[in-house]
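Heads up: the structure comes next, in structure tokens.
Chain identifiers are assigned alphabetically (A, B, ...) following the order of the sequence lines, protein sequences preceding nucleic acid strands; residue numbering begins at 1 within each chain.
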Number of protein chains: 2
Amino acid sequence: MNNHKKITIKDIATALEISPSAVSRALHNHPRISESTKKLVHETAKEMGYQPNQLATALRKGKSHLVGVIVPRTNSHFFSSIIEKIEEALDAKGYNIIITQSNESFEKECRNIDALLQIQVDGIIASMANETVDFSHFEKIKESGIPLILFDRGENDIGVDYVGIDDYESSHMIVQHLIEQGCKRIAHIAGFSHTRIYKNRIRGYIDALKKFNLPNDEELLVEGSLTIDDGREKMKALLELKDRPDAIYVASDYAALGALQVLQERGIKVPDDIALVGFGDEPFTSLVTPTITSVHQYSKKIGALTAQQFLKRVDDKNWIPHLHKLILKPELVVRASSKKDLGIN
Amino acid sequence: MNNHKKITIKDIATALEISPSAVSRALHNHPRISESTKKLVHETAKEMGYQPNQLATALRKGKSHLVGVIVPRTNSHFFSSIIEKIEEALDAKGYNIIITQSNESFEKECRNIDALLQIQVDGIIASMANETVDFSHFEKIKESGIPLILFDRGENDIGVDYVGIDDYESSHMIVQHLIEQGCKRIAHIAGFSHTRIYKNRIRGYIDALKKFNLPNDEELLVEGSLTIDDGREKMKALLELKDRPDAIYVASDYAALGALQVLQERGIKVPDDIALVGFGDEPFTSLVTPTITSVHQYSKKIGALTAQQFLKRVDDKNWIPHLHKLILKPELVVRASSKKDLGIN
DNA sequence: AAATATTGCTCAAACGTTTGCACAAATAAA
DNA sequence: TTTATTTGTGCAAACGTTTGAGCAATATTT
């Protein structure tokens with residue numbers, strides 16, 4: 001019969017007529033406590049329904065076993081599967097994660113960081129908002145002394161650990177693939193170039209064009225927020241051009257979906273008239289018609305590696321601290337939207 | 001220039017040569033502190049980069065301002081948009097949420113609850129795992145005295161608040177719609193009947209058949225886990241029947257997608273040969289070909305209402321405590337997969 | 001001018017743990 | 001038997017904050 005009040009170590013102590021310190025040590029298997037009292041303490045603890053108060057422990061030990069995770073949104077397969085893996089890995093080590101969303105807002109991101117620091121999280125794992133161009137709030141994390149790991153949307157210049165894929169290389173793979181399909185005028189619906197990953201994709205796109213001796217036509221490169229609606233807008237604009245592209249490389253699957261919708265509404269054949277490639281390998285890319293070629297980002301691997309890196313920073317006594325940047329090779333998943341049947345079959 | 005050490009109220013106190021209590025009161029705008037010292041304290045606090053330690057506050061006040069959220073998975077549009085709304089509402093009131101996933105596992109759900117209770121969360125908002133048939137761990141939450149709100153996957157019999165949609169009614173709407181399309185043999189790929197929502201959908205399905213004088217053929221009702229693969233399996237099995245159904249009502253969009261794949265692989269026309277209806281209105285239902293008719297569950301509304309109910313329990317002094325169950329009317333979103341062109345146009 | 005009220009602050013205890021130190025009793029070594 | 005070691009436990013301080021009670025100084029009322 002449990003009372004409604006929370007029962008503490010002190011309650012066990014008075015019940016057993018020993019000191020709270022003895023109880024605490026007994027519960028932690030301290031060698032200097034006799035086996036008999038240990039057994040006694042464990043039994044009555046269970047009996048009375050004792051639940052340790054982690055808040056008190058955290059305060060005393062200076063360790064909360066909470067980890068803050070900041071993502072632009074959970075409502076995306078990419079981020080939610082990363083989170084899933086992070087949670088899995090940290091849970092195994094006794095950490096709980098607090099997930100916060102920035103909703104791509106710089107100001108919300110700042111508030112999230114403040115909140116997490118006040119809760120005394122033991123570390124922060126983050127992927128930055130689209131809006132973010134000033135990094136002083138991340139510096140604040142560093143100053144507080146807790147580890148900070150960035151993934152995917154990470155800025156390399158503030159000297160923190162990072163896990164992500166090789167965006168520059170991804171663009172190369174995409175452009176090369178499109179050229180192999182016979183495309184000559186490849187447009188790029190890009191993200192804002194102030195975000196590192198999008199900047200790298202743009203650089204890769206431009207360099208690949210150069211490498212394959214295609215002209216770099218500035219009107220074929222447009223930056224945007226990469227939502228579905230943005231994809232529609234940008235696609236419409238590209239179709240206005242006197243000299244239309246014959247392939248579109250979109251830096252996000254969502255925007256690619258918007259672009260696809262517009263193309264279909266106008267009766268433009270994909271991939272025959274215009275080939276389309278997205279980015280991120282969201283599940284829907286293989287569900288729509290035609291299926292959309294995309295870049296697989298190894299979200300699960302990114303999640304696992306990020307968590308692993310965090311644990312090294314925070315727990316591993318053998319780990320010699322050094323900046324750790326991990327860039328994974330991406331994989332191009334070719335689907336119908338870019339696979340021109342070149343008359344070979 | 002900040003030091004690397006965390007600075008506390010005491011540090012401010014010694015810097016200003018006043019007592020810590022004065023500092024604390026100044027920071028909280030206590031009326032018995034002079035305006036001059038208040039200003040002084042606020043200034044030096046900002047200057048020294050003071051971050052309140054919520055752990056200490058929580059311990060002293062007996063309130064952590066943390067709320068635990070337990071979902072089967074975040075990796076679903078339905079749950080992630082509910083979470084988004086919950087976070088939005090609670091964030092506005094100074095609460096942070098800790099999201100944990102049960103992965104549909106009973107055992108994980110139990111561990112999650114224990115972890116949350118130890119962190120001293122101020123309340124728990126949960127949607128139960130598929131596996132869960134024993135509710136003693138939820139009783140434990142009730143015993144601990146903090147509020148518990150269930151949504152969607154909720155058991156009504158343990159006497160806690162609940163927010164969800166009317167599953168029974170949903171089935172009625174679906175069956176009626178299919179009958180209006182001229183279907184005569186309506187199958188139901190259902191969830192496990194020990195889960196309340198699926199049981200209700202099954203009941204609704206059976207009662208609706210009765211109401212419209214359709215025979216209730218037992219071989220047309222199959223229970224499963226409702227994953228994509230499960231949908232494929234069950235669809236294949238239904239196609240084996242000597243007397244095939246002409247409509248399938250699937251209790252989940254994911255399983256509906258699996259079913260659709262099988263139908264398309266076999267060249268069966270949807271909706272002409274077999275009409276298909278899913279459940280949940282996941283975004284992909286409007287992306288696939290044909291688009292899938294589904295039931296919209298008002299996930300954003302569920303999230304908002306759940307949070308609101310939690311806040312009433314925990315903060316609202318005027319709220320007269322009573323059991324509060326909220327059942328929303330669902331909306332049938334008719335799409336191509338069930339819309340038979342009855343030769344009218 | 002005396003009595004009362006208000007203002008502005010300090011003290012110390014409390015929240016539930018953990019932990020260095022001390023200390024008695026039991027055991028082992030000399 | 002004396003001395004040294006080990007074993008089992010208690011005391012009290014600490015983590016950073018909040019808060020009731022207390023108290024001197026000032027301001028207000030009679």
Side-chain angles (χ1 to χ4, degrees), chain A residues 3 5-42 44-45 48-66 94 117-122 144-146, chain B residues 3 5-42 44-45 48-66 94 117-122 144-146:
Chain A
N3 317 344
K5 285 293 91 188
K6 316 215 164 187
I7 69 115
T8 77
I9 268 191
K10 244 176 211 169
D11 299 324
I12 303 180
T14 52
L16 259 50
E17 295 184 312
I18 57 176
S19 75
S21 20
V23 176
S24 172
R25 288 196 241 255
L27 289 171
H28 290 79
N29 264 314
H30 193 282
R32 299 276 286 272
I33 298 291
S34 72
E35 289 303 321
S36 54
T37 44
K38 272 184 194 171
K39 180 166 289 180
L40 216 60
V41 167
H42 277 109
T44 47
M48 299 175 74
Y50 169 67
Q51 289 270 29
N53 184 330
Q54 280 213 1
L55 247 44
T57 311
L59 181 59
R60 177 62 228 253
K61 295 236 221 176
K63 231 190 141 184
S64 65
H65 280 266
L66 295 174
L117 289 178
Q118 290 189 185
I119 303 173
Q120 311 289 118
V121 291
D122 289 346
S144 84
I146 61 173
Chain B
N3 317 344
K5 285 292 93 185
K6 316 214 165 188
I7 69 115
T8 77
I9 268 191
K10 243 176 213 168
D11 299 325
I12 303 180
T14 51
L16 258 50
E17 294 186 313
I18 57 176
S19 75
S21 17
V23 175
S24 172
R25 290 188 160 109
L27 289 171
H28 289 80
N29 262 315
H30 192 283
R32 298 277 285 272
I33 298 291
S34 72
E35 290 303 321
S36 55
T37 44
K38 272 184 194 170
K39 180 166 289 182
L40 216 60
V41 167
H42 277 109
T44 47
M48 299 175 73
Y50 169 67
Q51 290 270 30
N53 184 331
Q54 281 212 0
L55 247 46
T57 311
L59 180 60
R60 176 63 228 255
K61 295 235 219 176
K63 231 190 141 185
S64 65
H65 280 264
L66 295 174
L117 289 178
Q118 290 190 185
I119 304 175
Q120 310 289 116
V121 292
D122 289 346
S144 84
I146 61 172

> Under a cut-off of 3.5 Å for both distances of each Watson-Crick or G-U pair, what dot-bracket string does DNA chain C give, using [ ] for crossing pairs and | for inter-strand pairs?
Replying inline: ||||||||||||||||||||||||||||||
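- Nearest to the side-chain atoms of T57(B) among the listed nucleotides dT17(D), dG16(D), dT19(C) stands dT17(D).
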> Does the pair N53(A) and T8(A) meet the rule for a side chain to side chain contact (heavy atoms under 4.5 Å, CB included), with working shown?
Replying inline: CA-CA 8 Å; N53(A) 184 330; T8(A) 77; over 6 Å; no
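- We find that CD of E17(B) is positioned 15 Å from C1' of dC9(C), with the value rounded to whole Å.
- Distance check, rounded to the nearest 0.5 Å: CG of L66(A) to CG of L55(B) gives 7.5 Å.
- Annotation: side chain of V23(A) is not in contact with side chain of L16(A) (no heavy-atom distance under 4.5 Å).
- Closest to the L59(A) side chain, of the nucleotides dT10(C), dG10(D), dG16(C), is dG16(C).
- With dC9(C), dT17(D), dT9(D) as the choices, the nucleotide that has an atom nearest any side-chain atom of T37(B) turns out to be dC9(C).
- Nucleic acid contact class of L55(A) (heavy atoms, under 4.0 Å, all strands): none.
- Checking dT19(C), dC15(C), dT17(D) against the side-chain heavy atoms of N53(B) singles out dT17(D) as nearest.
- Atom CD1 in I119(A) sits roughly 16 Å away from atom C1' in dG16(D) (whole-Å rounding).
- Atom-to-atom, CD1 of I9(B) to C1' of dC11(C) comes out at 16 Å; the value is rounded to the nearest Å.
- OP1 or OP2 of dT10(C) lies within a sub-4.0 Å distance of a side-chain N or O belonging to S19(B).
- Counting only heavy atoms from C-beta outward, the side chains of K6(B) and Q120(A) approach each other to under 4.5 Å.
- Residues I146(B) and D122(B) are not in side-chain contact: their nearest non-hydrogen atoms beyond the backbone lie 4.5 Å or more apart.
- In this structure, the CD atom of Q118(A) is 13 Å from the C1' atom of dG16(D), given to the nearest Å.
- Separating the NZ atom of K6(A) from the P atom of dT17(C) is a distance of 11 Å, rounded to the nearest angstrom.
- The structure places CD1 of I12(A) at 5.5 Å from CG of L27(A), a figure rounded to the nearest 0.5 Å.
- Within residues 20-35 of chain A, the residues having any heavy atom under 4.0 Å from DNA chain C are, by residue number, S21(A), S24(A), R25(A), H28(A).
- Whole-Å rounding puts the K61(A) NZ to dG16(D) C1' distance at 18 Å.
- Screening residues 12-24 of chain B for side-chain hydrogen bond (donor to acceptor under 3.5 Å, both in side chains) gives S19(B)-S21(B) as the qualifying pairs, with residues at least two apart or on separate chains.
- Across the protein-nucleic acid pair, K10(A) atom NZ and dA13(C) atom P stand 13 Å apart, rounded to whole Å.
- Between the OH atom of Y50(B) and the C1' atom of dG16(D) there is a distance of 8 Å, given to the nearest Å.
- Under the 4.5 Å side-chain criterion, counting only non-hydrogen atoms from C-beta, Y50(B) is not in contact with D11(B).
- Heavy atoms from other residues, nucleotides or ligands lying under 6.0 Å from NZ of K39(B) number 12 at most.
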